[in-house]
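Numbering of residues begins at 1 and proceeds along the displayed sequence.
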Amino acid sequence: MSKTFSNNMPIYAQIIDMVKLSIALGTYTPGQKIPSVRDLAIEYGVNPNTMQKALTKLEELHLLRAERTSGRFVTLDTDVIEGLKKEIPKKIIKSFLQDMENCGIKTDQIIEHVQQYIAEN
């Protein structure tokens, strides 16, 4: 089944974020072998070159490691994975704050809105 991509950033970057989330959530566990480039390209509905670029970037971020004849594996470095788990909420919060500021809502108002939302739910 293909993934849905937005037009606001390159597809390979969106794939990187999706795989990062899969690692952070434990869908891909430390040391787990991930599917081949071809299989992932089919799963995501993208060109294999796009998938290869995303996976290469994930290797550069030390989230994946390649073994020449065995494929790619999720890092065993739990510190890297814990850092990823902290990075994701920060990215979401940053995007939220930018969206709110783009709507003309100031920081103190944002805090009020969030507190009110939490109180109501």
Item to check | Remaining members of the apolar cluster that contains Leu76, side-chain heavy atoms under 4.5 Å | outcome: none
Checklist entry - What residues, two or more places apart in sequence or in another chain, satisfy side chain to side chain contact (heavy atoms under 4.5 Å, CB included) together with Ile88? => result Leu21, Ala24, Leu84, Ile92
Checklist outcome for this item: dist Tyr12:OH -> Thr50:OG1 (nearest 0.5 Å) comes out at 10.5 Å
Checklist entry - Of all residues at least two apart in sequence or in a different chain, which pass the salt bridge (Lys or Arg N to Asp or Glu O under 4.0 Å) check with Lys20? => result Glu87
Next on the checklist: For residues 26-40, which residue pairs pass the salt bridge (Lys or Arg N to Asp or Glu O under 4.0 Å) check, not counting sequence neighbours?
Outcome noted: none
Checklist entry - In Å, rounded to the nearest 0.5 Å, how long is the span from CD1 of Ile15 to CD of Glu43? => result 10.0 Å
Checklist entry - Do Leu25 and Leu61 sit in the same hydrophobic cluster, where Ile, Leu, Val, Met, Phe, Trp and Tyr count as joined when their side-chain heavy atoms come under 4.5 Å apart? => result yes
Item to check | Inter- and intrachain pairs under salt bridge (Lys or Arg N to Asp or Glu O under 4.0 Å), touching residues 21-30, at least two apart | outcome: none
Next on the checklist: Ignoring hydrogens, what is the shortest heavy-atom contact between Gln14 and Met9? Give both atom names and the distance.
Outcome noted: NE2-O, 2.7 Å
Checklist outcome for this item: Correct closest heavy-atom pair for Tyr44 and Phe5 would be O-CE1, 3.5 Å
Checklist outcome for this item: Interatomic distance, CG@Leu58 vs CD1@Ile23, rounded to 0.5 Å, equals 6.0 Å
Checklist entry - Taking the hydrophobic residues Ile, Leu, Val, Met, Phe, Trp and Tyr, and joining any pair whose side-chain heavy atoms are under 4.5 Å apart, which ones share a cluster with Tyr117? => result none
Next on the checklist: Under the rule for side-chain hydrogen bond (donor to acceptor under 3.5 Å, both in side chains), what residues qualify as partners of Glu60, not counting sequence neighbours?
Outcome noted: none
Checklist entry - Could you give all pairs that pass the salt bridge (Lys or Arg N to Asp or Glu O under 4.0 Å) test and reach residues 6-17, with sequence neighbours left out? => result Asp17-Lys91
Next on the checklist: My understanding is that only residues two or more places apart in sequence, or in another chain, count here; which of them pass side-chain hydrogen bond (donor to acceptor under 3.5 Å, both in side chains) with Thr56?
Outcome noted: Gln52
Which pairs would a plain distance check flag for residues 94-115, meaning a side-chain donor or acceptor within less than 3.5 Å of a matching protein atom at least two apart in sequence or in another chain?
from   : atom 1 : to     : atom 2 : distance (Å)
Asn102 : ND2    : Gln98  : O      : 3.2
Gln109 : OE1    : Lys106 : N      : 2.9

Checklist entry - Heavy atoms, side chains only, cut-off 4.5 Å: are Val37 and Leu40 in contact? => result no
Checklist entry - Around atom CG of Asn121, are there more than 12 heavy atoms of other residues, nucleotides or ligands at under 6.0 Å? => result yes
Got a list of side-chain donor-acceptor pairs under 3.5 Å for residues 65-75, not counting sequence neighbours?
from  : atom 1 : to    : atom 2 : distance (Å)
Arg65 : NH1    : Glu67 : OE2    : 2.4
Arg72 : NE     : Glu59 : OE2    : 2.4
Arg72 : NH2    : Glu59 : OE2    : 2.9
Thr75 : OG1    : Asp77 : N      : 3.0

